[in-house]
Amino acid sequence: MNRVFHSWHSPRLNRTMELLEFGHAGMPVLVFPTSLGKYYEYEDRGMVSALSAKIEAGYLHLYCVDSVDAQSWYNKQAAPWDKIRRHNEYEAYLLHEVLPLMTGGNGRIAVTGCSFGGYHAVNFALRHPDVVSHCVSMGGAYDMTSFVGDYRGEDFYFHQPLMYIPQDDDGWYWERYQQLTLILATGENDICRNDNERLSGVLRARSIPHQLDVWDNGTGHDWPWWQQMARTYF
């Protein structure tokens with residue numbers, strides 16, 4: 001399997017960022033790590049191995065990025081607006097530095113993530129449906145209010161899908177959502193099941209196509225189940 005390590009100084013984040021690329025052809029997939037996760041997590045947790053046959057066959061081309069969660073959402077010393085400002089810088093890094101590496105400036109991508117990575121994937125897809133064609137979230141957590149206390153500024157609002165989707169009357173977004181393949185996968189015992197059902201209800205009320213899959217047989221919130229999900233949806 002083609003495995004390439006990338007590292008450069010990001011001018012948007014003013015720090016060195018690292019990522020791992022797996023594959024040589026196929027759909028480019030932006031992979032977000034879990035809470036405070038690193039770019040090598042997907043490999044270490046057996047997810048790359050679970051998808052190895054499709055990667056080696058040229059169907060999937062993974063780009064596993066690092067997070068800045070410790071400087072944004074999980075930074076307990078930062079004010080809410082500073083957490084969101086740092087997250088916006090991270091999003092700019094993805095859009096203007098990582099995506100050109102993935103596509104060469106042409107074509108759309110898929111996004112995926114587990115747990116908090118599921119939030120990142122869904123939020124990125126819903127905010128940028130012009131560059132994302134497929135989104136697979138596994139055990140995603142979408143209620144971000146616990147990270148900002150009572151703060152409800154506009155900058156937070158536009159990173160909280162449970163808030164901005166119900167109010168979104170912009171036809172540009174709605175038309176592109178009709179072309180987006182969006183999968184919310186969770187387990188019957190997943191601690192984030194309620195978040196997935198809530199988001200599904202919000203999307204359904206706005207007639208936004210998506211697939212909510214609640215896995216049975218005791219499926220919970222952990223890597224062995226996410227490996228099975230990845231093999232199923234990719």
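In what follows, every heavy atom counts, from backbone to side chain, and hydrogens, waters and symmetry copies are set aside.
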If we count only N and O atoms by modelled type, under 3.5 Å, do the side chains of [X] and [Y] hold a donor and an acceptor together?
X: Q228; Y: W215; result: no
X: Q160; Y: T145; result: no
X: S137; Y: Y142; result: yes

If you group Ile, Leu, Val, Met, Phe, Trp and Tyr by side-chain heavy-atom gaps below 4.5 Å, do [X] and [Y] land in one group?
X: V29; Y: L126; result: no
X: V48; Y: M102; result: no
X: I165; Y: L180; result: yes
X: V4; Y: Y59; result: no

Determine the minimum heavy-atom distance between [X] and [Y], stating which atoms define it.
X: P33; Y: D66; answer: CG-C, 4.3 Å
X: Q167; Y: M163; answer: CG-O, 3.6 Å
X: C192; Y: G140; answer: CB-O, 3.2 Å
X: S10; Y: Y93; answer: OG-CD1, 3.7 Å
X: G139; Y: N196; answer: C-ND2, 4.2 Å
X: S52; Y: M1; answer: CB-CE, 3.6 Å

Would you give the length of the straight line joining atom [atom1] of [X] to atom [atom2] of [Y], rounded to the nearest 0.5 angstrom?
X: T219; Y: D213; atom1: OG1; atom2: CG; result: 11.0 Å
X: Q211; Y: Y233; atom1: CD; atom2: OH; result: 6.0 Å
X: L19; Y: F5; atom1: CG; atom2: CZ; result: 8.0 Å
X: M138; Y: I183; atom1: CE; atom2: CD1; result: 9.5 Å
X: N194; Y: D143; atom1: CG; atom2: CG; result: 9.0 Å
X: L62; Y: I55; atom1: CG; atom2: CD1; result: 4.0 Å

Counterpart residues, salt bridge (charged side-chain N to carboxylate O under 4.0 Å, His left out), relative to R86 (two or more places apart):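 Counting only residues at least two positions away or on another chain, R86 forms a salt bridge (charged side-chain N to carboxylate O under 4.0 Å, His left out) with E89.
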
Are the side chain of [X] and the backbone of [Y] linked by a donor-acceptor contact shorter than 3.5 Å?
X: D69; Y: S35; value: no
X: R3; Y: F22; value: no
X: E188; Y: V214; value: no
X: T34; Y: C114; value: no
X: R108; Y: P129; value: yes
X: R15; Y: R12; value: no

Qualifying residues under side-chain hydrogen bond (donor to acceptor under 3.5 Å, both in side chains), relative to H61, sequence neighbours excluded: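 Counting only residues at least two positions away or on another chain, H61 forms a side-chain hydrogen bond (donor to acceptor under 3.5 Å, both in side chains) with E21, Y63.
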
Give a yes or no on whether Q178 atom CD has more than 12 heavy-atom contacts from other residues, nucleotides or ligands under 6.0 Å away.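 Yes, because the 6.0 Å sphere around CD of Q178 holds more than 12 heavy atoms from other groups.
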
Would the number of heavy atoms belonging to other residues, nucleotides or ligands and lying under 6.0 Å from OH of Y40 be above 12?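 Counting neighbours around OH of Y40, 12 or fewer heavy atoms of other residues, nucleotides or ligands fall under 6.0 Å, so no.
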
Which class fits the ring pair H128 and F124: parallel under 30°, tilted 30 to 60°, perpendicular over 60°?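 Rings of H128 and F124: tilted, as their planes differ by 30° to 60°.
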
Quick check: do [X] and [Y] have side-chain heavy atoms less than 4.5 Å from each other?
X: V148; Y: M144; result: no
X: P11; Y: E97; result: yes
X: D155; Y: R85; result: no
X: Q227; Y: M47; result: yes

Can you run down the ring pair (Phe, Tyr, Trp, His ring centres under 6.0 Å) pairs that involve residues 157-184, sequence neighbours left out, and say none if there aren't any?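 Qualifying pairs, neighbours excluded: H87-H159.
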
